[in-house]
Enquirer: 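Would you mind keeping the following structure in view while I ask a few things?
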Amino acid sequence: MERWPALPYAAWKDTRDTLHLWTQVVGKVRLALTPWLNHSWHVALYLTARGLTTSPIPWRGGSFQIDFDFIDHVLWLRTSDGQYRQIMLTPMPVAEFYASLMTALGELGITVELNTMPCEIPNCIAFDRDELHRAYDADYANRFWRVLAATHDVMARFRTGFLGKVSPVHFFWGSFDLAVTRFSGRRAPRHPGGVPHLPDAVAQEAYSHEVSSAGFWPGGGGPIDYAAFYAYAYPAPQGFADAKVSPAGAFYAKEVGEFLLPYDAVRAAADPDRTLMDFLQSTYTAAADLGKWDRAALDCAVGKPGKVRAI
């Protein structure tokens, strides 16, 4: 099976938009029932060998989790006492998906109230009223997950080369991207907010400290209508936009304030994993050097399986 499959935005746009909303419905269940964790890390989904998961969510002395399976195309709800429900992933309106999930949770004895307005999407429709978004192309959903899985592998290796505070490699359903974030350890200027359907307090807490962040985004919902890897710093240090980064296909996009590397450039490379790692490392180097991070204290060699890190 192809590790870096083709993912042309135009070919799966409708499925991408529907899946974005489905992940928001599931993600909001985790948001509603999980204690707040710094930078909203408590809301993210995680990669699995078959799709995406909430990970265990606490519930009345036990737990449950919700898993997207993009191989068999099933949404699984499983509880720690052995009960389960499943929803087949087929073309259906967001309103039907939302109702089916609420019914399945109720049958498992789980009650939760959600804010039904999507987050970070302008001109959106409440989940329970959205009959517009209903596409689901199983092949492209599987391709998307395979891209996430391959990206996760590279980002997880990149993550090991840092001793400071660093996020998990996690999937944010609001922005519909896979991300990993490093922190300098210093406070950041107050974020201005202004993200559609996201309280300013959430954005301000997320960016309370200086970061160098990178990720993968499948395109859509903005000025970039193609899949791309991205990297940014907050706050962006002086000269960041003019920094030289690798590989040759990477560039600074002023319209989004980030470095971008088109997915197709990585996919076409002789060594896609190395190409992506070069992008991650070079953009971090630009942010950390220009931002005067204490790299001697924060950086370390990339980890190797079975080998203890030398100190």
Enquirer: Would you mind reporting whether M155 and L47 have side-chain heavy atoms less than 4.5 Å apart?
Expert: no
Enquirer: Check residues 173-182 and write down every donor-acceptor pair under 3.5 Å in which the side-chain atom is one partner and the other belongs to a residue at least two apart or another chain.
Expert:
unit_1	atom_1	unit_2	atom_2	d
W173	NE1	V43	O	2.7
S175	OG	D177	OD1	2.5
D177	OD2	Y230	OH	2.4
T181	OG1	S213	OG	2.8
R182	NH2	F158	O	2.6

Enquirer: Got a sec, which residues hit ring-ring contact (aromatic ring centres under 6.0 Å, His included) with H73, two or more places apart in sequence or on another chain?
Expert: Y136
Enquirer: Measure from NZ or CZ of R78 to the centre of the six-membered ring of W76 and say whether it is under 6.0 Å with the direction within 45° of the ring axis.
Expert: yes
Enquirer: Could you list all the ring pair (Phe, Tyr, Trp, His ring centres under 6.0 Å) pairs where at least one residue sits in residues 97-128, not counting sequence neighbours?
Expert: W22-F97
Enquirer: Anything under 3.5 Å between a donor and an acceptor, one on a side chain of residues 304-311, the other on a protein residue two or more places apart or in another chain? List them.
Expert:
none

Enquirer: Do K13 and D17 sit within salt-bridge range, that is, some charged N less than 4.0 Å from a carboxylate O?
Expert: yes
Enquirer: Is it true that W4 and D273 share a donor-acceptor pair across their side chains at a distance under 3.5 Å?
Expert: yes
Enquirer: Distance from L276 atom CG to D153 atom CG, nearest 0.5 Å?
Expert: 10.5 Å
Enquirer: If the condition is side chain to side chain donor-acceptor pair (under 3.5 Å), which residues does D264 pass it with, not counting sequence neighbours?
Expert: none
Enquirer: Is it true that R267 and E2 have a side-chain N and a carboxylate O under 4.0 angstrom from each other?
Expert: yes
Enquirer: Do other residues, nucleotides or ligands put more than 12 heavy atoms under 6.0 Å from the OH atom of Y84?
Expert: no
Enquirer: Quick check on the 6.0 Å ring-centre criterion: do Y234 and Y207 meet it?
Expert: yes
Enquirer: Taking side chain to side chain donor-acceptor pair (under 3.5 Å) as the definition, give me every residue that meets it alongside D130, ordered by chain and number, with sequence neighbours left out.
Expert: H133
Enquirer: Keeping to residues at least two apart or across chains, list the side-chain hydrogen bond (donor to acceptor under 3.5 Å, both in side chains) pairs with something in residues 161-172.
Expert: H39-K165
Enquirer: Does Q86 have any side chain to side chain donor-acceptor pair (under 3.5 Å) partners at least two apart in sequence or in another chain, and if so, which?
Expert: none
Enquirer: Can we call the ring centroids of F259 and F240 under 6.0 Å apart?
Expert: yes
Enquirer: Which hydrophobic side chains are connected to V302, either touching it within the sub-4.5 Å cutoff or through other members that do?
Expert: none
Enquirer: More than 12 heavy atoms of other residues, nucleotides or ligands under 6.0 Å from CZ of R190: is that the case?
Expert: no
Enquirer: Donor-acceptor pairs are to be reported for all side-chain atoms of residues 103-119 against protein atoms at under 3.5 Å, with residues two or more places apart or in another chain.
Expert:
unit_1	atom_1	unit_2	atom_2	d
T103	OG1	A99	O	2.9
E107	OE1	R85	NE	2.8
N115	OD1	M117	N	3.0

Enquirer: Return the set of residues passing side chain to side chain donor-acceptor pair (under 3.5 Å) with R50 (not counting sequence neighbours), or none when no residue passes.
Expert: D69, D72
Enquirer: Just verifying a value: how many Å separate W36 CH2 and W41 CH2, rounded to the nearest 0.5 Å?
Expert: 13.5 Å
Enquirer: Kindly state each residue pair satisfying ring pair (Phe, Tyr, Trp, His ring centres under 6.0 Å) with at least one member in residues 280-300, sequence neighbours excluded.
Expert: F162-Y284, Y284-W293
